[in-house]
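Input: a single structure, listed below in C-alpha cells.
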Number of protein chains: 2
Amino acid sequence: MEGAKGPQGRRLPAARDAAEPSDLPDEAPLAGGLRVRLKDVAAHAGVSRATVSLVLRKSPLVKAETRAKVEEAMAGLGYVYNRSAANLRSGASRTVGLVLCEITTPNFAQLTAGIDEVLGTEGYMAFIGNAAEDAARQREVLVRMQEHGVDGLVVVASENTRADALEEGACARMPCVLAQRRVEGFPADYVGPDYGAGMELITEHLIGLGHRNIAFIGGVRRIAPLAERMAGFHRALRRHKLKSGAVVPCAVIDRSSGYTAARELLAKGDIPSAIVCYNDVVAFGVMLALDERGLVPGRDVAVVGCDDVDEAGLHRPALTTFTTDPRVVGREAARLLLRRIAHPDRPREEIIVPPRLVIRQSCGAANRPTGGAR
Amino acid sequence: MEGAKGPQGRRLPAARDAAEPSDLPDEAPLAGGLRVRLKDVAAHAGVSRATVSLVLRKSPLVKAETRAKVEEAMAGLGYVYNRSAANLRSGASRTVGLVLCEITTPNFAQLTAGIDEVLGTEGYMAFIGNAAEDAARQREVLVRMQEHGVDGLVVVASENTRADALEEGACARMPCVLAQRRVEGFPADYVGPDYGAGMELITEHLIGLGHRNIAFIGGVRRIAPLAERMAGFHRALRRHKLKSGAVVPCAVIDRSSGYTAARELLAKGDIPSAIVCYNDVVAFGVMLALDERGLVPGRDVAVVGCDDVDEAGLHRPALTTFTTDPRVVGREAARLLLRRIAHPDRPREEIIVPPRLVIRQSCGAANRPTGGAR
DNA sequence: CGCAGCATTTGGATCGATCTAAATTTTCGT
DNA sequence: ACGAAAATTTAGATCGATCCAAATGCTGCG
C-alpha cells in the first residue's frame, strides 16, 4: 500500500517513494541522506511498526530475540529517533525548560550543570532561557517553552516576580520546580539552600569570636533569598541580645557594588568590627574597599560571605563563608521535577539543602595567615 | 464531519468530542483545561485550519481583516502554538542545540547569554548540553539533540575532539557553528576570539616594558586555543629575537592549577621577569603563588592573563589582560548559525573577534597602585 | 457580459511516531 | 492432543500542525 499515492507525494528529498523497496545495502549507515524512519527499521527487521515502537520504548512485551533483531536493524540503518513525532502523539516531550533570572550569575552555571547531569541520565534535555531579571522576558520565555511542549519547568524567578506572573506563564498548569528563590504565594515544589540557617550559623560564629558591632552589606532586590538571609542574621543577633550594625544595600549583587557599598559605609566613619555580606562576590568587593582604607580583612575587620564559590578559598585572605551548593540544588531540582512529572498529584515537596560553615581567614579565626589552595 | 468517528475516539481528556460544538464562552481562556488547537481557533473564527496556519506564520496572503479575526479568536481562546506538530510536518523546529565542553567555565555563561539573546529575538530556543570535557558524553548529547530535531548546533568542542567525532555526531549533516575552539579538519563555520593576536599584543606590551625573560603558564589540553595562544606568544618573541622563558603546563585550566604550576616554577629558583598566563583565572592562581614567596605581582614580576573576566579589574593588583568577549562571540555565533540555517549552501564563514588590550597594574605599567572598580 | 488575472481561502494528504484493541502465536495443564 | 490462558505482535486511527493544488472571490478590461 506504499508509494502509490495520488498526484501529490513530491517532497524535498525527491525520490523517496522510488527508494521505498528498501534495498539499501545492509550495513549502509544513512545511505541516500534521507532520514531513516521507524517504518524503514520495521521493514528491514521484518516486523511491524508497532513492534519497533515497543522496542524503542524498552517495553518488556517484546521477545528478546525480536528485540535483538530490531536493534540490529536500527544500528545498521543508522536510525535516529524523532521525538517531535513521538511527542505529538504521546504528549511527552522528554524536554524540560530551565528559566533563569540571569545566566551570568556564577551560581547558575553550577546549577545548570547539576540539572543537566541528572536530566542526561534520564534522556531528558533542557531548554535554557534567560530572563535577564526582566519580567517581560521571563514571560516570553515561559510562553516559548510552552510552545515547545516542555514536560516541566525549573524556574529561578526573576526579581519582583509575583505569583500571578507565574500562573499566567502556565507554571501552575504543569510540573514546575522553583529553585533558589521562592515566590511568595506560589505553592510549587521548591529546592534551595537554607540561606537563613547559614546566615544564622555564620553570624553565631562571628559573635562567638567576640564581635558585637556586626554590619550587613548587600541586597536590595526584592527576592526571597535576601529576606531569608536577613532573618537568619537577625535570629542570631537576637539570641545574643545584640542590635544589628549598619545595613547597607547594594544596587546590584556583584563585586563592584559590594565595593561601593563598603566605601560608603567606611566613609561615614562607622567602622564595624565584622561585616556579613550578602554573598561571596559582594564580600570580595567589601574586602577591596577595606584594603583601600588600610584595613586588613580578618585582622582589623572580620568579613564573611555566602556561597563558597571556587574563588573563596583562593582569595587572600581566604574567605570565611558557608556553602549553598548550587550544583546540589540543581541535581535535586531536576530529580524532584522528574518525580513530579511522573506523579503530578503527589504532595508538594520542599528540599532544603543544609549549609556548611567554611572557616577560613577573613573572619580572623584561622591562625595560619597564608595557606595552600583548596 | 467532526466527532463522528468509529468505536475509538476515547482519549485521556475524556469528553473531547462531546465538547466539540465549540460553544465555550467567548472570552474564556482555557475553559475546560483542554489544550486549544488550531482547529478550535479556526472554528471559532469561522475560517479554515489552513487560514489560521497562514496567520500563525505571518503570511502576507491573508487579508488584514481575516487576520484580525483570527488573532482575536486566538487571544480569546488562549491558544498555544504546538511546535512539535509543526515541526513534524515542516521539518523546522526553531530549536538549536548548544553543546558546551564544560558549562561551569566562567566564559560559557557569557557565551550562552549572548546566544540566548540573539535566538530569543528570532523566536528560537536553545537546548543546552554539557559534555563535561568528555568525548562520550559529547556524543550522547549530540545524538539527543538530533533526536529532538534541532535545526542547528553551536558547539564548543570538548578536549581531544577529532573531526570524525563531530561528523559521526551529525554536525556535518546539519548547520553547525563551532565557537571558541576550532576543530582541526572539520570545516564548519567558526566564531571565536583572536587568541593569537591577543597574545602577540600582550607579549609585545611586556617586551616594550623591558622584559626579556618571559615565561608562559597554563594549558596542557589538546585544544586549538592553546596552540593559537602559543603561536601568538612566540610570534612576538621571535620578532624581538627573544627566546621563550619556561613554559609550564597545567593539569586543568583553573585557579588552583595556576597556583600549583607557578609554585613549581618558583621552587626551581627560575624566576622570570614576566609571566604570560593561559587566561585570567590561571593568572590569579599564579599571583597567589608569587605572593606567597613575597614577590609582588606588577612590581617584582609582571603577570598578564587573557579574557578580561569581571574579576580582573577588581583583583589587587588589577590584572593586565586582553578581552575575548565571550558574549560577543555568543551573539555572533548565534547570528551566523541562523544565517546558515536560512542558507545551507552559503560559503563557509569565520568570524574572528578582535582582542583589546586592557592595561592595569599587574604588568607594572600602570602608575596608580590602587584604583576604583571598573 | 465574459473572462483573464490576481488575491484569498480551502480540503485533504501528510509528517513519524504512539495508542488501542484485536489478532496471532506460544505455552501448558490435563 | 485440545483448549484456555499467557505472551507477543499487529493494523489502523490518531496527535496538531503544514503543504500543495485546486477552488473561490474579486477586479478590471475589451
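Order of the sequence lines sets the chain letters (A, B, ...), proteins ahead of strands, with each chain counted from 1. None of these values were measured; they are calculated from a predicted model.
Within the 4.0 Å cut-off from OP1 or OP2 of dT18(C), not a single side-chain nitrogen or oxygen of Ser90(A) is found. In this structure, Tyr79(B) does not reach the dG16(D) phosphate: none of its side-chain N or O atoms is under 4.0 Å from OP1 or OP2. When the side-chain nitrogen and oxygen atoms of Ser53(B) are compared with OP1 and OP2 of dA17(D), none of them lie within a distance under 4.0 Å. In this model, the phosphate group of dG16(D) is approached by a side-chain N or O of Arg37(B) to a distance below 4.0 Å at OP1 or OP2.
Distances from the side chain of Ala86(A) to the nucleotides dT18(D), dT18(C), dG16(C) place dT18(C) closest. Set against dT9(C), dA17(D), dT10(D), the side chain of Lys63(B) has dT9(C) as its closest nucleotide. Distance from the side chain of Ala85(A) is smallest to dG16(C) among dT9(C), dG16(C), dA13(D). When the nucleotides dA17(D), dA17(C), dG11(C) are ranked by their closest atom to the side chain of Arg89(A), dA17(C) comes out on top.
The distance from atom CE of Met74(A) to atom P of dG16(C) is 17 Å, rounded to the nearest whole Å. Atom-to-atom, CG of Leu61(A) to C1' of dA22(C) comes out at 14 Å; the value is rounded to the nearest Å. The separation between Arg35(B) atom CZ and dG16(D) atom P is 8 Å, rounded to whole Å. Atom CD of Glu65(B) and atom P of dG25(D) are 15 Å apart (whole Å). Note: NZ (Lys58(B)) to P (dT18(D)) measures 12 Å, nearest angstrom. The CG-P distance, from Leu54(A) to dA21(C), rounds to 15 Å in whole Å. Taking atom NE2 on His148(B) and atom P on dA17(C), their separation rounds to 14 Å, with Å as the unit. One atom, CG of Asn82(A), and another, C1' of dG16(C), lie 6 Å apart when rounded to the nearest Å.
Between Tyr81(A) and Thr51(B), the residue anchored nearer the 5' end of DNA chain C, judged by the nucleotide with its closest heavy atom, is Thr51(B).
The residue Arg57(A) sits close only to the backbone: its heavy atoms come under 4.0 Å of sugar-phosphate atoms, none of a base. Counting non-hydrogen atoms under 4.0 angstrom, Ala50(B) reaches a base of the nucleic acid. Residue-level contact check: Val52(B) touches neither bases nor backbone, having no heavy atom under 4.0 Å from any strand. Within 4.0 Å of Thr66(A), counting heavy atoms only, lie sugar-phosphate atoms of the nucleic acid but no base atom.
Residues Tyr124(B) and Ile341(B) are in side-chain contact: their nearest non-hydrogen atoms beyond the backbone lie under 4.5 Å apart. Glu122(B) is listed as a side-chain neighbour of Leu338(B), based on a closest heavy-atom distance under 4.5 Å. Annotation: side chain of Ile103(A) is not in contact with side chain of Phe108(A) (no heavy-atom distance under 4.5 Å). Proximity of Leu337(B) to Asp189(B): side-chain heavy atoms (C-beta onward) are nowhere separated by under 4.5 Å.
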Stepwise side chain to side chain contact (heavy atoms under 4.5 Å, CB included) test for Arg144(A) and Val141(A): CA-CA 5 Å; Arg144(A) 261 187 298 152; Val141(A) 168; 3.9 Å; yes

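Glu332(A) and Arg335(A) are joined by a salt bridge, as a carboxylate oxygen and a charged side-chain nitrogen come within less than 4.0 angstrom of each other.
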